[in-house]
Amino acid sequence: MKREAIREFFRRLAEANPHPTTELEYGTPYQLLVAVVLSAQATDKSVNLATRKLFAAAPTPEAMITLGEEGVAEHIKTIGLFRNKARNTVALSRQLLERHGGEVPHDRAALEALPGVGRKTANVVLNTVFGDPVMAVDTHIFRLSNRTGLAPGKDVLAVEQALMHRVPKDYLKDAHHWLILHGRYVCTARKPNCAACIVRDLCEFRDKTA
DNA sequence: ATCCCGAGGG
DNA sequence: CCCTCTGGAT
């Protein structure tokens with residue numbers, strides 16, 4: 001996709017949704033961090049169902065440690081990968097208390113050192129909690145970036161770097177949520193709804209059936 | 001490259 | 001039935 005097409009691409013997404021945000025439900029930065037860890041290979045909807053119960057029982061890192069792995073697991077059993085996620089949630093809460101006074105650090109290396117937190121989750125937290133202009137490349141953004149020709153790349157890191165170079169600076173902070181939402185509701189994995197797509201004419205894929 | 005792993009959609 | 005969902009650790 002050419003420069004001018006890319007600018008027009010984001011101009012339209014911005015016009016359609018001026019203030020994009022996450023669909024994960026949370027009350028504090030700590031809760032957002034936990035929700036993002038739980039969201040790996042799971043839908044936001046299923047995560048929200050679980051975190052309503054989980055955060056009511058344990059809204060803080062201290063309470064999460066008291067609840068314990070088994071207690072956390074009981075609340076999140078309906079999400080895939082729940083045993084790993086329960087273990088990571090408790091371990092991550094301990095590390096926040098031991099190293100960061102119970103607060104979510106505004107620091108990539110510190111975030112990635114937390115159990116269950118990799119580059120993608122760290123980027124979501126940096127962007128959503130702190131408003132940093134970074135791109136978290138998840139399954140939606142990877143697919144959409146390659147399919148449309150917006151920012152092709154062979155792996156998620158290549159796509160992230162391509163996006164950082166190609167997305168106009170003034171759109172970078174909001175680009176993450178625009179792309180997630182467009183991928184979730186229009187540019188879907190199996191049968192993209194090209195007929196309803198507002199950037200269809202800019203796309204290198206359009207409604208090819210491949 | 002493989003494992004983890006439930007729910008919803010098609 | 002198979003595929004997908006805001007991945008990370010080994």
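So that the names make sense, note that chain A is the first sequence line, chain B the second, and so on, each numbered from 1.
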Exercise for review: Quick one: do A/L144 and A/F205 satisfy side-chain contact (heavy atoms from CB on, under 4.5 Å)? Show the steps, please.
Suggested key: CA-CA 10 Å; A/L144 186 156; A/F205 176 80; over 6 Å; no
Study note, to complete from the structure: In whole angstroms, the gap separating P of C/dC5 from CZ of A/F142 amounts to 12 Å
Review point. Do A/L49 and A/L54 sit in the same hydrophobic cluster, where Ile, Leu, Val, Met, Phe, Trp and Tyr count as joined when their side-chain heavy atoms come under 4.5 Å apart?
Key: no
Review point. Under 4.0 angstrom, heavy atoms only, what part of the nucleic acid is A/R83 near: base, sugar-phosphate, or nothing?
Key: sugar-phosphate
Revision key, fill the gap. note: A/H140, atom NE2; C/dC3, atom C1'; distance rounded to Å ~ 13 Å
Exercise for review: Starting at atom CG of A/N193, determine the distance to atom P of B/dG9, rounded to an integer number of angstrom.
Suggested key: 16 Å
Point to revise | Pairwise 5' ranking along DNA chain C for A/L114 and A/K45, keeping only the more 5' one | key: A/K45
**Study point:** A/T139 side-chain proximity, nearest of B/dC4, C/dC5, C/dG8
**Key:** C/dC5
Review point. So what does A/V124 touch, heavy atoms closer than 4.0 Å: a base, only the sugar-phosphate, or nothing?
Key: base
Check your understanding: A/A42 near the nucleic acid: base, sugar-phosphate alone, or nothing, with a heavy-atom cut-off under 4.0 Å?
Key -> base
Study note, to complete from the structure: Rounded to whole Å, the CZ-P distance (A/R143 to C/dT4) equals 9 Å
Point to revise | Donor-acceptor pair between A/D132 and A/H106 side chains, under 3.5 angstrom | key: yes
Check your understanding: When rounded to the nearest Å, what value does the distance between P atoms of C/dG8 and B/dA7 take?
Key -> 23 Å
Exercise for review: Please report, rounded to the nearest Å, how far the C1' atom of B/dG6 is from the NZ atom of A/K53.
Suggested key: 12 Å
Exercise for review: Look at the side chain of A/R190 against the base of C/dC3 and say whether a donor-acceptor pair falls under 3.5 Å; ignore hydrogens and angles.
Suggested key: yes
Review point. side-chain contact (heavy atoms from CB on, under 4.5 Å) with A/L179: which of A/L150, A/D174, A/V167?
Key: A/L150
Practice item. Have a look at A/K77 and say if it touches a base, only the backbone sugar-phosphate, or nothing, with a 4.0 Å heavy-atom cut-off. Key: sugar-phosphate
**Study point:** Interatomic distance, A/L49 CG vs B/dA7 P [rounded to whole Å]
**Key:** 11 Å
Point to revise | Step-by-step salt bridge (charged side-chain N to carboxylate O under 4.0 Å, His left out) determination, A/D201 to A/R12 | key: CA-CA 12 Å; A/D201 56 306; A/R12 290 186 204 171; 2.7 Å; yes
Exercise for review: Could you tell me whether A/T22 contacts a base, only the sugar-phosphate backbone, or nothing, with contacts defined as non-hydrogen atoms closer than 4.0 Å?
Suggested key: base
Check your understanding: Touch check for A/R87, heavy atoms < 4.0 angstrom, all strands: base, sugar-phosphate only, or nothing?
Key -> nothing
Exercise for review: Using modelled atom types only, decide if a donor and an acceptor are shared between the side chain of A/E25 and the backbone of A/T51 within a distance under 3.5 Å.
Suggested key: no
Exercise for review: Provide, to the nearest angstrom, the distance between the CG atom belonging to A/L81 and the P atom belonging to C/dT10.
Suggested key: 15 Å
Exercise for review: Measure from CD on A/E160 to P on C/dG7 and round the result to the nearest Å.
Suggested key: 14 Å
Exercise for review: Tell me what A/S46 touches on the nucleic acid: a base, only sugar-phosphate, or nothing, going by heavy atoms under 4.0 Å.
Suggested key: nothing
Exercise for review: Classify the nucleic acid contact of A/I76 as base, sugar-phosphate or nothing, counting any heavy atom under 4.0 Å across all strands shown.
Suggested key: nothing
Review point. Which nucleotide, B/dC5, C/dC5, C/dG7, lies nearest any side-chain atom of A/T121?
Key: C/dG7
Practice item. Pick base, sugar-phosphate or nothing for A/V117, based on heavy-atom distances below 4.0 Å to the nucleic acid. Key: sugar-phosphate
Exercise for review: Remember a base hit wins even if backbone is also touched, and classify A/I79 as base, sugar-phosphate or nothing at under 4.0 Å, heavy atoms.
Suggested key: sugar-phosphate
